[in-house]
Structures are given as structure tokens and as C-alpha cells.
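What follows is one structure encoded as C-alpha cells, with my remarks underneath.
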Amino acid sequence: MSYGKYENYFDKNEQCEKLRNADGYVNLKTNWIHHMLIAAGGYLLMNVLSIIFVVIIQSMYQAKGWDFTCIKQDLSHDSCPVGVFETYITISTISQLVAELLVVAIVMFLFKNKIKELINQIKDSKTWKWVGIGFLLMYAGNLVYSTILQLFDVKMATNANQSAVNQIIMNLPFLGFMFVVVAAPLFEEIIFRFGVFRCFTNKGKKMEIIGLIVTTVLFAGIHLSSTFEQALSDPSNINWGLIQNDMLSLPVYLIGAFFLTFSYFKSKNFFTPIALHMAWNFLSYLANLIQLPN
């Protein structure tokens with residue numbers, strides 16, 4: 001049996017179910033509802049598990065006399081003792097890291113018969129071609145945006161989401177690596193590219209383009225959720241300055257989200273956005289690590 005233009009992707013001895021669908025993606029025998037459930041259910045499950053883990057670990061510390069009330073009372077954490085704040089960061093990071101990896105493990109179990117295909121994609125030159133192209137396009141897009149800000153003499157402060165990430169890396173370099181470079185890319189690619197984007201990949205190229213736009217906007221919006229959580233924590237005193245400042249980061253997330261999805265759209269290999277996301281986050285991780293005090 002000939003696999004046509006996809007012949008190089010598969011072992012000729014594999015069953016016919018390994019054939020890709022009409023749009024070139026691996027045929028997972030799923031529809032848009034399955035992928036929407038993966039996206040919404042996976043994101044909700046991660047948040048629920050993360051909260052449960054935080055409560056359990058905090059309870060253990062509180063039993064030993066620790067007081068975390070300052071965290072809830074002051075979102076800026078300025079009034080918290082350094083030790084309490086650092087411990088809270090550690091607890092939150094570990095909780096989210098474990099929750100994300102659990103969701104990844106569940107999805108991998110559900111599609112365990114497709115793991116071999118993912119491994120095959122690692123050896124595919126098309127995967128690395130679009131990892132390289134995607135990385136260069138992301139870098140170029142951010143460079144253009146940075147240049148525009150400089151031309152208009154606009155300074156972009158670190159947004160709430162990135163501040164939290166920087167804090168993790170600064171206080172816990174190894175845990176920060178596992179969270180930023182390993183867990184977050186795996187989890188986010190499953191939610192956004194495998195979940196949201198794959199909802200649109202079974203009904204022709206026009207729907208794929210719509211999916212590209214929807215996935216880009218959702219990905220960027222989720223990464224600014226911390227901003228609105230902090231700014232709207234007191235409805236009677238909305239922090240419009242924080243919103244205005246952090247909205248300058250929106251194009252950065254839009255650029256990243258667009259090219260992560262675009263790389264999957266072009267390569268049809270799910271490993272492509274995973275590798276690209278890990279590579280980009282690793283660059284960000286190194287940039288933050290270099291800035292650490294000696």
C-alpha cells in the first residue's frame with residue numbers, strides 16, 4: 001500500500017488506521033467535541049488539582065505554625081515576610097507543576113497508541129524545519145514590536161504573568177526550569193494546539209485558518225489572566241494602570257501564539273510546536289538566569 005506524500009512518516013508495516021486525514025494530520029479518530037473536552041477539561045482539571053495541592057501543602061505548613069494570611073490580604077505581597085512569600089511561591093509552583101504533568105499524563109494515556117507516531121515525528125526533518133522557521137519568525141516579530149515601542153519611546157514593564165515566572169526562576173532555578181521549559185510547554189500545547197486548534201482541523205483549510213486565529217487569541221488572553229485577576233481584585237478600586245501597562249505585552253503573546261500554531265499548521269506534526277515552545281521558553285529561562293545576582 002502506498003501512503004502517497006505521507007509515506008515517509010510511517011512504517012509501511014503499520015495498519016491503515018495510521019493514515020492521515022484529508023488535511024494531513026494524524027487520524028486520531030476524534031471529532032471537534034473530543035478536542036474541545038480535552039482543552040476545557042484539561043485546563044479546568046489543572047486548576048482544580050493545583051488548588052487542591054496548594055491547600056494540602058499549606059495546611060501542612062500551617063500545622064507547624066506558618067501564617068499565609070498576608071498572601072490573601074495583599075496581592076503585591078509587599079507586607080509578607082520574605083520567608084513566607086518564598087515558601088508560598090515554592091508551594092504554588094510545585095502544585096501547578098504536578099497538576100500540569102498529571103494532565104499531560106492523562107492525555108498521553110488516552111492516546112497511548114499514538115505515542116509511537118509522536119516519537120517518529122522527532123526524527124522527521126519537516127518537524128525541525130518548522131521549529132527553526134517558527135523560532136526565527138517569533139524572534140523577528142518580537143524584534144519588530146520592540147523597535148516600534150522604541151520609536152514611540154514607550155517602555156514596556158514586566159507584566160504580572162512574566163513577573164511570577166521571573167520570581168520562580170530567581171528563587172528556584174531548577175524548579176523554574178522544570179516548570180517553564182518542560183511542564184508549561186507540554187501542558188499548553190495539549191490545551192491549545194492539540195485541544196483548541198484540533199477542533200478546527202477536520203473541516204478544510206478555511207476552518208484551520210479560523211482555528212489559527214481563535215487559538216492565538218485564547219492563548220494570549222490566558223497569559224494575561226493574572227493581570228486582570230490583580231487589577232480587578234478590588235472592584236471599587238480597579239487598577240487601570242496595571243491593565244494599561246500589561247496590555248503592552250499582548251502583542252508579544254499574540255506573536256508567540258500565532259507562530260506556535262502556525263508551525264503546527266504547516267508541519268502537521270504535533271511535536272513541532274512542543275519543541276518550538278520548549279526552545280523559546282528555554283531562551284527566556286536563560287535570559288532570566290543570566291540576570292540573577294551572584
Side-chain angles (χ1 to χ4, degrees), residues 2-14 18-28 30 35 104 107-108 111 114-146 180-216 218-220 251-287:
S2 174
Y3 290 89
K5 63 179 179 178
Y6 301 120
E7 187 167 3
N8 64 310
Y9 289 99
F10 306 106
D11 184 338
K12 294 178 182 179
N13 295 320
E14 292 291 327
K18 287 289 188 178
L19 283 170
R20 297 194 169 203
N21 63 27
D23 296 310
Y25 298 92
V26 173
N27 187 359
L28 299 170
T30 55
H35 291 280
V104 171
V107 174
M108 288 179 66
F111 293 91
K114 300 297 179 181
I115 298 299
K116 184 177 179 180
E117 165 58 16
L118 181 61
I119 295 174
N120 287 338
Q121 291 177 3
I122 297 176
K123 300 179 289 185
D124 185 359
S125 60
K126 191 174 183 180
T127 296
W128 297 104
K129 170 188 172 182
W130 281 103
V131 169
I133 293 174
F135 193 93
L136 290 175
L137 290 173
M138 286 173 67
Y139 185 84
N142 279 282
L143 183 61
V144 169
Y145 181 58
S146 177
V180 173
V181 182
V182 180
L186 286 172
F187 172 76
E188 290 176 358
E189 291 313 308
I190 283 177
I191 298 301
F192 293 101
R193 255 59 64 178
F194 189 75
V196 178
F197 181 65
R198 281 298 301 252
C199 291
F200 299 85
T201 58
N202 293 320
K203 297 183 179 180
K205 189 153 290 187
K206 288 184 179 179
M207 290 302 294
E208 283 183 296
I209 293 173
I210 293 175
L212 177 60
I213 296 170
V214 171
T215 306
T216 297
L218 284 177
F219 183 92
V252 174
Y253 290 117
L254 288 172
I255 290 168
F258 178 83
F259 287 116
L260 282 169
T261 311
F262 184 72
S263 69
Y264 185 29
F265 170 72
K266 294 297 291 185
S267 71
K268 304 296 190 279
N269 287 352
F270 183 53
F271 185 78
T272 302
I274 293 176
L276 176 56
H277 201 157
M278 285 183 169
W280 188 262
N281 279 19
F282 181 64
L283 181 67
S284 176
Y285 172 82
L286 286 180

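What you see below is based on every heavy atom in this structure, not just the backbone, and it leaves out hydrogens, waters and symmetry mates.
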With a 4.5 Å heavy-atom cut-off, do T261 and F192 have their side chains touching? no
L118 and M108, any side-chain heavy atoms less than 4.5 Å apart: no
Ring centres under 6.0 Å, that's the criterion: do Y25 and Y264 meet it? yes
Please tell me if the side chains of T215 and F265 come closer than 4.5 Å, counting only heavy atoms from C-beta onward. no
Using atom types as modelled and distance alone, determine if a side-chain donor or acceptor of T201 lies under 3.5 Å from a backbone N or O of R198. yes
Do the side chain of T216 and the main chain of L212 share a donor and acceptor less than 3.5 angstrom apart? yes
Measure the shortest side-chain to side-chain distance between V252 and N142 over non-hydrogen atoms and say whether it is less than 4.5 angstrom. yes
Hey, does the side chain of N269 reach the backbone of F271 with a donor-acceptor pair shorter than 3.5 angstrom? no
How are the rings of H35 and F111 set to each other: parallel, tilted or perpendicular (split at 30° and 60°)? parallel
Check whether any side-chain heavy atom of L260 sits under 4.5 Å from a side-chain heavy atom of E189, and report yes or no. yes
Which residue in the set W280, F282, W128 passes ring pair (Phe, Tyr, Trp, His ring centres under 6.0 Å) when paired with F135? W280
Could you tell me whether a side-chain N or O of Q121 sits under 3.5 Å from a main-chain N or O of F270, the two making a donor and an acceptor? yes
Rounded to the nearest 0.5 angstrom, the CG-CD1 distance for L218 and I191 is 11.5 Å
Salt bridge (charged side-chain N to carboxylate O under 4.0 Å, His left out) partners of E188, counting only residues at least two apart: none
How close do A257 and R193 get, heavy atom to heavy atom, and via which atoms? O-NH1, 3.7 Å
Rounded distance (nearest 0.5 Å) linking atom CG of N281 with atom CG of L276: 9.5 Å
Aromatic ring proximity, centroids under 6.0 angstrom, F259 and W130: no
Once you measure the plane-to-plane angle for F262 and F258, does it fall in the parallel (<30°), tilted (30-60°) or perpendicular (>60°) bin? parallel
Do K116 and I119 have side chains that approach each other closer than 4.5 Å (heavy atoms only, starting at C-beta)? no
Contact between M278 and L186 at the side-chain level, heavy atoms closer than 4.5 Å - yes or no? yes
Determine whether M207 and I210 make a side-chain contact, defined as any pair of heavy atoms from C-beta on separated by less than 4.5 Å. yes
How long is the gap from NZ on K268 to OG on S263, to the nearest 0.5 Å? 11.0 Å
Heavy-atom closest contact (N202 atom, T30 atom, distance): ND2-O, 3.7 Å
